[in-house]
**Student:** 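Provided herewith is a single structure, encoded as structure tokens, for subsequent inquiry.
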Amino acid sequence: MADTTDKATARTVHDVIMIGAGPAALSAAIYTTREDVETILFERGVVGGLAAVTDWIDNYPGFSKGLEGLTFAEELRKQAERFGATIELGEVTKITNEGDVKKLETTSGDMYARAVLIATGSDYKKIGVPGEQEYYARGVHYCATCDGAFYRDKRLVVVGGGNSAVQEAIFLTRFASHIDLLVRSDHFRASEVLQHDLQKHTDKITVHFNTTTDEIVGQDGKVTKVVGTDKTKGQKVDFPTDGVFVFVGLKPNTEFLQHSDIPLDDIGFIKTNENLETPMPGVFAAGDVRSGATMQIATAAGEGATAALRIREYLDEHARQHAQKG
Amino acid sequence: MPKNITIFTTNTCAYCGMVKKWLGAKGMSYEEVNLDANPERQAEAMALSGALTVPVTVVTRHDDSREVIVGYNLAKLAPAVA
């Protein structure tokens, strides 16, 4: 299969367009391109998605020593491109069902495809407290690998209790003189391995359980402290700091689907059936953006491969039906 | 084509790589200031961008006017280098 020109409309129709170029879409693209399914990926951010901005990946199968997120993303990209995937840097803003063809409105103009894979992943949530927006990128950050270097020998606050918060707090010990890790709950959600690794950094990281983050305060344009609450005592606590890194969970990148015919669950993730297909025929979803996804790189890659096989079946079936109509 | 493009980067910054890749695909040359290798230039990056982040891309036009783009922002980068 390949992109073809629709004789009636003279528009180019691609086999599949994948929205996103993170682990799910890149894995899918490896499978589709190896089956000669013409594949274009659209990425508005970094190729590799959140995996690319992760300091270190230790739980992706096949890498016994672990590897840098950036390296992992680069290898995935090269593998997909080696088999013929094309990655466009841009954004898809709308998907419309036009029967056998899906129309995608993009920053590169309108594009058409027989099948679509939505693999836009997720982004880090904000806490939603005063000062957070005001000091964004000037003391409040969501990417340790991007911005940690600006805090050499400075004090930091890291907010969160999951894998990202613990892992990135450990990464930030390369730069910071001290880190206060604020955890809202009385325990970590992070894996046992990461919690064990954290114990090696008690000289630089102090963990504060049962502590909410209530406000980010600054002076003269710089962050000076985080005000929190010790829930066990019901008392306000000040954490003097030069910067705050926030890792409080993920939200799906589905804003562009808000008014589409693709249903989302209560928190904005895409609903699919067991074949990873949405109710819009020919439109599939895989990875972090999908309702029920487990938010791991390994499962995103697996879903990408599964979606690719389903897309191949879908395209074959439609080619057969088209041939029969003759 | 601008007179000069300078990008402030760090080694672990994935978005920095995206800016470099995009400029390379457009056939544009640039000067890279790696802040891990040159930490003394962090203050310069911060003064230009008003932010504690990378990438910071400084586009200097032939009339010596300058535009500073913070982060990986194609909507601002594309018209700045046009």
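Below, read A as the first sequence line, B as the second, and so on, with proteins coming before strands; counting in each chain starts at 1.
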**Student:** Name all residues meeting the side chain to side chain donor-acceptor pair (under 3.5 Å) criterion together with B:Asn34; count only those two or more places apart in sequence or in a different chain, and write none if there are none.
**Tutor:**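 B:Asn34 satisfies side chain to side chain donor-acceptor pair (under 3.5 Å) with B:Asn11 once adjacent residues are dropped.
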**Student:** Decide yes or no on side chain to side chain donor-acceptor pair (under 3.5 Å) for A:Gln219 and A:Thr224, but give the supporting numbers first.
**Tutor:** CA-CA 6 Å; A:Gln219 193 171 355; A:Thr224 55; 5.4 Å; no
**Student:** Please report the C-alpha distance between A:Lys94 and A:Leu104 in whole Å, then the side-chain angles of each, then the deciding distance to 0.1 Å, and finally whether the side chain to side chain contact (heavy atoms under 4.5 Å, CB included) criterion is met.
**Tutor:** CA-CA 6 Å; A:Lys94 194 174 178 182; A:Leu104 286 79; over 6 Å; no
**Student:** Scan A:Leu172, A:Leu70, A:Thr145, A:Ile170 and name whichever one has a side-chain contact (heavy atoms from CB on, under 4.5 Å) with A:Asp55.
**Tutor:**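 Running side-chain contact (heavy atoms from CB on, under 4.5 Å) over A:Leu172, A:Leu70, A:Thr145, A:Ile170 with A:Asp55 returns exactly one hit, A:Thr145.
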**Student:** Drop me the distance from A:Glu255's CD to A:Thr93's OG1, to the nearest 0.5 angstrom.
**Tutor:**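 Interatomic distance, A:Glu255 CD to A:Thr93 OG1, rounded to 0.5 Å: 12.5 Å.
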**Student:** Using a cut-off of 6.0 Å, state whether more than 12 heavy atoms not belonging to A:Arg82 lie near its atom CZ.
**Tutor:**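 It does not: A:Arg82 CZ has 12 such atoms or fewer within range.
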**Student:** Sort by residue number and list every residue of residues 148-160 of chain A having at least one heavy atom under 4.5 Å from chain B.
**Tutor:**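 Answer by number: A:Ala149, A:Phe150, A:Tyr151, A:Arg152.
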**Student:** Are B:Lys21 and A:Glu74 close enough, and set up right, to give a salt bridge (Lys or Arg N to Asp or Glu O under 4.0 Å), and what steps lead you there?
**Tutor:** CA-CA 12 Å; B:Lys21 210 180 289 288; A:Glu74 183 63 12; 3.6 Å; yes
**Student:** In Å, rounded to the nearest 0.5 Å, how long is the span from OG1 of B:Thr9 to OH of B:Tyr30?
**Tutor:**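 These two atoms lie 9.0 Å from each other.
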**Student:** Which of residues 119-129 of chain A have a heavy atom under 4.5 Å from any heavy atom of chain B?
**Tutor:**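 Checking residues 119-129 of chain A against chain B gives no residue, so none.
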**Student:** Go through the atoms of B:Thr53 and report whether side chain, backbone, both or neither lie under 4.5 Å from a heavy atom of chain A.
**Tutor:**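 Both parts, backbone and side chain.
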**Student:** Heavy-atom distance under 4.5 Å to chain B: side chain of A:Phe171, backbone, both or neither?
**Tutor:**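 Just the side chain, heavy atoms under 4.5 Å.
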**Student:** Would you name the heavy atoms of A:Glu43 and A:Ala21 that are closest together and state the gap between them?
**Tutor:**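 Smallest heavy-atom distance, with atoms named: OE1-N, 2.7 Å.
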**Student:** Under a 3.5 Å threshold, yes or no: a donor from one side chain and an acceptor from the other, between A:Glu91 and A:Thr107?
**Tutor:**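 A:Glu91 vs A:Thr107: no donor-acceptor pair found between side chains.
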**Student:** Evaluate A:Lys204 against A:Ile179 for side chain to side chain contact (heavy atoms under 4.5 Å, CB included), listing each step before the verdict.
**Tutor:** CA-CA 6 Å; A:Lys204 278 197 173 184; A:Ile179 297 168; 5.7 Å; no
**Student:** Decide, yes or no, whether a salt bridge links A:Lys222 with A:Asp242 under the criterion of side-chain N to carboxylate O below 4.0 Å.
**Tutor:**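 No, no charged N to carboxylate O under 4.0 Å.
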**Student:** Is A:Glu81 salt-bridged to A:Lys78, going by a charged N under 4.0 Å from an acidic O?
**Tutor:**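 Salt bridge between A:Glu81 and A:Lys78, a charged N being under 4.0 Å from a carboxylate O: no.
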**Student:** I need the contact set between residues 65-82 of chain B and chain A: heavy-atom distance under 4.5 Å, sorted by residue number.
**Tutor:**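 Those residues of residues 65-82 of chain B which have a heavy atom under 4.5 Å from chain A are B:Tyr72, B:Leu74.
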**Student:** When heavy-atom pairs shorter than 4.5 Å are enumerated against chain B, which of A:Cys143, A:Gly139, A:Gly45, A:Gly48 gives the highest number?
**Tutor:**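 Of A:Cys143, A:Gly139, A:Gly45, A:Gly48, A:Gly45 has the most heavy-atom pairs under 4.5 Å with chain B.
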**Student:** Just checking A:Tyr60 against A:Phe72, ring centres under 6.0 Å apart?
**Tutor:**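 Yes.
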**Student:** Which answer fits A:Glu68, side chain, backbone, both or neither, if we ask what part of it has an atom under 4.5 Å from a heavy atom of chain B?
**Tutor:**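 For A:Glu68, no heavy atom lies under 4.5 Å from chain B.
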**Student:** Can you measure from CD1 (A:Ile19) to CG (A:Leu257) and round to the nearest 0.5 angstrom?
**Tutor:**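 One gets 7.0 Å once the value is rounded to the nearest 0.5 Å.
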